[in-house]
Amino acid sequence: MKNSRLFEQAKKVIPGGVNSPVRAFGAVGAKPIFIEKAKGVYLHDADGNRYIDYCLSWGPMILGHARKDVLDEVRKVMAKGTSFGIPTELETRLAGMIVRAIGTVEKVRLVSSGTEAVMTAIRLARGCTGREKIIKFIGCYHGHVDHMLVAAGSGAMTFGAPSSPGVPKDFTKHTILLPYNDPEMLEKAFDKYGDKIAAVIVEPVAGNMGVVTPKKNFLKAIRKMCTKNKSLLIFDEVITGFRLRYGSVQELFGVKADLTCLGKIIGGGFPIGACCGRAKLMDNLAPQGKVYQAGTLSGNPVCVAAGIATLKLLKSQNPYPSLGRATEKLCDSISQALEEKNVEYTINRIGSMFTLFFNPGPVTDYASAIKSDTAKYAKFFTAMLKAGVYLPPSQFEACFVSTEHKQRDFDRTIEAIRKASF
Ligand SMILES: *Cc1c(COP(=O)(O)O)cnc(C)c1O
């Protein structure tokens, strides 16, 4: 088995054999596959197996893998040099596309990952407000930046204890943890710390405790409290940006963020991130302002070219309505297959992202998400993998559908669920 041999070799020179923890398949008690190539919705591993991909590199590959139009652009730009550390016109073009796509964005600072985008937004929020505290919701993931790596307590309002060794308590003591979808707790936190809160950061649709959608008025309540207390609202749209519509979900929910973090899709499969917002805020970033931020490979022409090509296609084709319909139909069929099997489940879906939880639900926050039967998910994941369907290797992640998923892929997926024992 080449997959297991490659994993053994990798473990000798890479911690845990992987460059990002969930890839090790530890959460589903399995051994990772190694990918040789991918095209459209299909992943091909080192053992010659083919999988229908519902993880899509954790979201970016909304147009499928190795999309010709994107690769053509990348090749063209790459041939002219891959990094200069000097501005290129491409960066202005991508920034312009983002500005035109998102109503609350006037300026964009490109960085190399979603983590960096969040890091920048939080430093900027603290720098602009002169305040230190940040409200973060339990179960939301904002990259591996120190002061965002804080674990959930009991669901009650707590000050964050670091969830990783190596993060000093002093770094997270200004992070206030609150349950998602709970405007009352939010109000209490603001009553207590209002004039100390620099920003509230939120995934407007949570994707990192599995998909959890915001309850009606949750995001509006956050906006209201932020405005009242002169705190900034940061939308972490590293997943939702250009995933649920062309641009941000702010228009979808009728809520305006002060700062928006992007990543994933805007890089078209290359490393990227972006911290965006109104000019008045963004101009506080160096060199115009005093809040320092920099990056050797920021705005890298190859990444930016892939991003431009991806956004261009998304804009001209507007695949969002049909992606939503296709995903809805897929989820209906999954429901049907699970009903036949008498399995307890909840499917949370919005647009082309969804999560299947193995508990009766409803799943509205971290506390209800972790009630899912993760052992069952592990069995389900493994059975599906065997049948040629690649799901995220953790219960608490989102499944994604791309423009390249066709009915025959969905049919095969449902067939696999019907035949699987888990
Ligand atoms: C993926 C993700 C990040 C981190 O992005 P990286 O590019 O992995 O650093 C931040 N926030 C959210 C919501 C994400 O899903």
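Computation of the quantities below employed the complete heavy-atom set of this structure, encompassing side-chain atoms and omitting hydrogens, waters and symmetry-equivalent molecules. Indexing begins at 1, ligand by ligand and atom by atom, following the structure's order.
Residue V238 holds the heavy atom nearest to atom 3 (C) of ligand 1 of all those in T240, V238, I272.
Note that CD of E116 is 11.0 Å distant from CG of L110, once rounded to the nearest 0.5 Å. Atom CZ in F396 sits 7.5 Å away from atom CZ in F357 (nearest 0.5 Å).
Residue-level proximity to ligand 1 for K264 is carried by the side chain, the only part with a heavy atom below 4.0 angstrom. At a heavy-atom cutoff of 4.0 Å, ligand 1 is contacted by the side chain of E203 but not by its backbone.
Side-chain N or O atoms of T129 include one that pairs as donor or acceptor with a backbone N or O of R131 at under 3.5 Å. No donor-acceptor pair under 3.5 Å is formed between the side chain of N229 and the backbone N or O of S231. Looking only at distances, no side-chain donor or acceptor of N217 sits under 3.5 Å from a matching main-chain atom of K220.
Within the structure, ligand 1 lacks E237 among the residues with a heavy atom less than 4.0 angstrom away.
Between F358 and Y377, the ring-plane angle classifies as tilted under the 30° and 60° cut-offs.
Proximity to S113 (heavy-atom distance under 4.0 Å) selects the following atoms of ligand 1: 7 (O), 9 (O). In summary, the atoms of ligand 1 found under 4.0 Å from a heavy atom of G114, numbered by their order in the structure, are 4 (C), 5 (O), 6 (P), 7 (O), 9 (O). Using a 4.0 Å cut-off to heavy atoms of Y141, the atoms of ligand 1 that qualify are 11 (N), 12 (C), 13 (C). Counting the atoms of ligand 1 from 1 in the order shown, those under 4.0 Å from a heavy atom of D236 are 10 (C), 11 (N), 12 (C), 13 (C). Under a 4.0 Å criterion applied to the non-hydrogen atoms of T115, ligand 1 contributes the atoms 4 (C), 5 (O), 6 (P), 9 (O). Close contacts of ligand 1 with I239, meaning ligand atoms under 4.0 Å from a residue heavy atom, involve 15 (O).
Below 3.5 Å of separation, one finds no N or O of H142 facing any N or O of ligand 1.
For F171, the CZ atom sits in a loose shell: 12 or fewer heavy atoms of surrounding residues, nucleotides or ligands are nearer than 6.0 Å.
Residue T104 forms a side chain to side chain donor-acceptor pair (under 3.5 Å) with just one option from K256, E251, Q250, R278, and that option is Q250.
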